[in-house]
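One structure below.
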Amino acid sequence: MTKFEKPRGTRDFLPEEMAVRRKLENRFREIVKRWGYGEIMTPVFESLDLFKAKSGEGILGEIYYFEDKGERELALRPELTAPTMRAFVNEMQSFTKPIRLFYFENCFRYERPQKGRFREFWQFGTEIIGSDKPAADAESIALAMNLIKSAGIKGYLSIGNLAVVRHVLNKITDESEVKDKIMRLIDKKEFESLDNYLEEIGADFNSVSDLKRLISISGNDAKEVITNAKSVVGDLPELDSFKNMIELLEAYGISEYRVDFGIARGLDYYTGVVFEIYADGLGAQKQICGGGSYKLIPLFGGGDVASIGFGIGFDRIMEIFTEKQDKDTTVNVISMPETYKEGIRLALVLRHYVCTTADIMNRNFGAQLKYANSSNADYVLIVGEKEIEKEIYSLKDMKTGEQKELTEYELIQFFAEDD
RNA sequence: GCCCUGGUAGGGUAAAGGUUAUCCUGAAGCCCUGUGGAGGCUUCGAUAUGAGUUCGAUUCUCGUCCUGGGCCCCA
């Protein structure tokens, strides 16, 4: 007999674990709904070109892609921002702005699995489309922090701003490839390589000095950081916007975070604010949330529309989410062969109020009780000939062993109150 | 793609180059056709996989697959 194994980097979620996952998922859903976000669902697979357009050829190595029978090049989605923006371009361009969207879906990446990293993983994320204002940035960050907090997790927030960094970068070069490379080096904090590279391209000394000063500015006191940045870049509208956003965060009650102009992104559709949230207890994969503002829509053939969003690594959150599943009250109906049908009828009635099961193993009375015990039922309802005759049923509390004689109406009362 | 680690029933384990691979737990059934948790009995269930060495491999060697962890990457 061949035994089939699940593909590498995928997981089976059994009921106990699923209950906890759904518990957190539902909590997240409730929160984003309260913030006015509507759910979007896009296909599990998209054209490969969509992801190449967003992230470049370099991502092919990490993408699951294939040719279908119609010779279309398709890819399992590695992330959800591109599909969401594609859907916007296709179907939502004339919607009233801003558009607030959220998603909770699985994504696929061909990577070496490790702690907090799987080949099939779930992302919970939001996108705001149509606002490039600091208020949208602030809302997005505040929402992300609210979600993390609702999971009982301490999240460490870092905020950067690429518009300010780019302003300085533009003085060094006009070539986007060169900019990309510099941004990557900054992001990885490989300052030696950065020095060498800047020297190699013969960058202007003053501009390089400004850049290096700017990206080294970071700290927990936002106002101080901004003052420092101002001393490098001078009066800059982008910096004013950033300052404005920081002030709004205060209104949202977000006060603990780090501002870091050394946060960078290699891809040039990122426009301004970028943020990351980290958590303890995750080994190498500490980042649980990443977000930022970007202009992806023009790249996908849409208008010049700005957006901002974030993605939460749901599986990573689950690794450190400590709550257990909520146990529902359960009732087992115990009957005899002669009374089985009446037992089914009563079970149907009780199911309006409480989780109820009946025997489907043809077990005898004692075995049914044993099963109720080992499956952790809270109550057992005994439906035997004596009970049917009197129309009074025996409800046994499995924890205390107490038994009550109740009519059908009293049973309903009993469990209806339980909710 | 690279490095380290491990892999014996569903879970946890023991042992050994040589008859039928140990024990606990679990599941199913019976003891027990109207009162559970205990106990007894029965049954089910494993050496990840391929090759090599050997008279003989589950044990030794190598490859593959997979787990866990790290590097790279992280759109």
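Fair warning: this is a prediction, and the values are worked out from it, not measured in the lab. In what follows, chains carry the letters A, B, and so on, assigned in the order in which the sequence lines appear, proteins first and then strands, with residues in each chain numbered from 1.
Along RNA chain B, the nucleotide nearest to A/Arg363 and the one nearest to A/Gly384 differ in position, and the one closer to the 5' end is contacted by A/Arg363.
With distances taken from any side-chain atom of A/Ser55 to the nucleotides B/rA75, B/rG34, B/rC73, the minimum falls on B/rA75. Closest approach to the A/Ala284 side chain among B/rC71, B/rC72, B/rG37 is made by B/rC71 (side chain taken as heavy atoms from C-beta onward). Of all nucleotides listed (B/rC66, B/rU35, B/rC73), B/rC66 comes nearest to the side chain of A/Arg8. Of the candidates B/rG70, B/rG36, B/rU35, the closest approach to any side-chain atom of A/Arg112 belongs to B/rG70. With B/rA75, B/rG34, B/rU33 as the choices, the nucleotide that has an atom nearest any side-chain atom of A/Asn364 turns out to be B/rU33. Checking B/rG36, B/rG34, B/rA75 against the side-chain heavy atoms of A/Lys370 singles out B/rG36 as nearest. When each of B/rA75, B/rU33, B/rG36 is scored by its nearest atom to the side-chain atoms of A/Phe365, the top-ranked nucleotide is B/rU33. Closest to the side chain of A/Ile63, from the set B/rC3, B/rG34, B/rA75, is B/rA75.
Note on A/Tyr294: nothing from the nucleic acid sits closer than 4.0 angstrom, heavy atoms only. Nucleic acid contact for A/Glu276: none, since no nucleic acid atom lies under 4.0 Å from a heavy atom of the residue. If you check every strand for non-hydrogen atoms under 4.0 Å, A/Gln368 touches nothing.
The aromatic rings of A/Phe66 and A/Phe45 lie perpendicular to each other, with more than 60° between the two planes, well past the 30° mark.
A donor-acceptor pair shorter than 3.5 Å can be found between the side chains of A/Gln114 and A/Gln285. Using modelled atom types and a 3.5 Å distance limit, the side chains of A/Glu342 and A/Ser335 yield no donor-acceptor pair.
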